[in-house]
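Order of appearance sets the numbers: ligands from 1, and atoms from 1 within every ligand.
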Amino acid sequence: MSFGPCWDMLVYMTEATDNPIHGARAKARCDALGVPPYSDQKDGLFRPYLGPAHHATLGCIAQWMDEAGMSVEIDAVGNIVGHYAGIPADAPVLLLGSHVDSVRDGGRYDGMLGVMLGIETVAFFHAQGRRFPFAIEVIGFGDEEGSRFSTYMMGSRSAAGLEQEIDDTIRDSEGITLHRALADWGLSVQRFGTARRQNVLAYLEAHIEQAPHLERAARPLGLVRGIASQYRYRVTFTGLADHAGTAMGERRDALAAAAEAIVSIEAVGAAGPDDLVTTVGVLQVENGAPNVVPGQVVMTMDIRAVTPGAREAAAGEIRSMLDALSRKRQVTVQVERIQDLQGALCDETLNRMLGEAIVETTGEEPPLLLSQAGHDAMVMARCAPMSMLFIRCAGGISHNPAESVTVSDVEAAFDTLTRVIEKFGEDR
Ligand SMILES: [Zn+2]
């Protein structure tokens, strides 16, 4: 596939080449990519997987990777990969990455900042003509957010070599199948296997914090201890739709059952370890009317935890509670698991190096954070040791145009990444 020139970006590149303040350039590039044609939304940012904005964005990223001394490829799933060779040429790979897709009305830094910081890190070493006994690859995953199809983390799952079930039922809101969207880019599911990254020593991801802990602690950077495992369910309560005049003792009210369940689900989350969270985010009353006892209610349930086993224990407890509720209220409760995302703990050796690099950069021990949000890093942990660096984000707000980072924090992240790569080189 070919990409046109990236005219809008030339001004950033020229200015920044004369004055290579890497954090500032990384942030400026995220800002430049926050508007059309790098967004499929006129006002604000929406960069769905395999859309026109994604295509335009990869054109710019390819150019920047090339200028930073990397060879560039778009893999079979639409991830962009820049390769900065090590010595020897077939040396194993240190992978730096994050995602380039965004939700609708998204922010400019979620995902993209990690990719831009990876490019800056390579540009820094390339300018000095430095090579390491390992290659550095920068990867921009195409589908992390699941903002176009009902898929999620397809980019990193392919890069990690995980099997994925993809059929023609997977369509976007306009009815375009995933197969069709891939074919429009010259890509196909049959070739996903070739997207598996080979010979990966470690995966490092820099990402904005999607919580306000760093801001509250007045620290620019945090070290991630682990990423929560997630279960997501669809829960259907089926009672009996009946006239609102039905006596209280004769009802099989699906909504009242759901209401009792929601409060109990919340209580299970509150009683568990600090990192256990339980959420009912969607509640739908089928054929609801003011004069009808609700006959059927469908809701979602999300359970997350970092502590190994905590998610499974909470799911079991909730299941028992729902069974008891079903008997008590004479309402059928059907529970379908629609997502099972395995969490990951960051690698201790990598975290020690990253922690030292943060201390050298900021002069302070970094806060150790847990990520309740999912990241590509949790998938990449299945194929290599993984670690994550969190960057302070105003108010901890993300997936929102209000997402905001400071140049000095991004610069600190850049310094930390270059230091950790040097440490990684010393360890070889
Ligand atoms: Zn993200």
Side-chain angles (χ1 to χ4, degrees), residues 26-27 29-31 33-34 38-39 44-49 51 53-54 57-58 61 77-80 95-119 138-149 151-160 203-214 221-224 226-230 232 302 304 306 339 341-344 346 369-381 386-405 409-410 413 417:
K27 180 176 181 298
R29 285 176 169 177
C30 291
D31 292 338
L33 294 173
Y38 314 107
S39 166
L45 176 60
F46 178 39
R47 193 183 300 117
Y49 177 50
H54 185 194
T57 300
L58 294 196
I61 295 177
V77 66
N79 299 322
I80 187 165
L95 200 50
L96 307 176
S98 195
H99 59 98
V100 304
D101 64 328
S102 96
V103 296
R104 193 179 291 279
D105 273 316
R108 295 175 170 184
Y109 311 105
D110 182 336
M112 188 58 80
L113 186 58
V115 180
M116 294 299 112
L117 278 166
I119 294 174
V138 178
I139 187 162
F141 297 111
D143 170 58
E144 192 262 5
E145 302 280 14
S147 48
R148 179 167 177 191
F149 298 99
T151 54
Y152 54 94
M153 300 199 188
M154 208 160 47
S156 45
R157 287 205 280 176
S158 302
Y203 174 83
L204 277 179
E205 180 164 351
H207 198 285
I208 56 167
E209 189 196 10
Q210 296 177 284
H213 304 299
L214 288 172
L221 304 174
L223 188 59
V224 178
I227 305 171
S229 295
Q230 304 178 18
R232 196 164 295 166
D302 182 297
R304 305 179 181 208
V306 178
Q339 195 177 98
L341 209 47
Q342 198 180 311
C346 294
L369 303 166
L370 297 174
S371 178
Q372 290 292 0
H375 295 287
D376 293 300
M378 68 204 288
V379 175
M380 295 309 290
M386 166 283 287
S387 179
M388 277 194 91
L389 172 70
F390 270 177
I391 302 162
R392 174 166 52 188
C393 171
I397 295 168
S398 68
H399 285 190
N400 186 311
E403 223 170 70
S404 171
V405 293
D409 287 0
V410 179
L417 286 175

Does any N or O in the side chain of R304 come within less than 3.5 Å of the main-chain N or O of Q372, such that one atom is a donor and the other an acceptor? yes
Output, by chain and residue number, all protein N/O/S atoms separated from the Zn ion (ligand 1) by less than 2.8 Å. H99 NE2, D110 OD1, H207 NE2
List the atom of I391, the atom of A206, and the distance in Å for their closest heavy-atom pair.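 Closest approach of I391 to A206, heavy atoms only: CD1-CB, 4.3 Å.
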Non-hydrogen atoms of N79 and G142 that approach each other most closely: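 The pair with the smallest heavy-atom distance is OD1-N, 2.9 Å.
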Could you check H99, E145, M378 and say which one makes a side-chain contact (heavy atoms from CB on, under 4.5 Å) with M153? M378
Specify whether F149 and Y49 have parallel, tilted or perpendicular ring planes, treating 30° as the upper limit for parallel and 60° as the lower limit for perpendicular.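 Perpendicular: the ring planes of F149 and Y49 meet at over 60°.
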Test: R148 cationic atom under 6.0 Å from F46 six-membered ring centre, within 45° of axis: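 No, R148 does not lie over the aromatic ring of F46.
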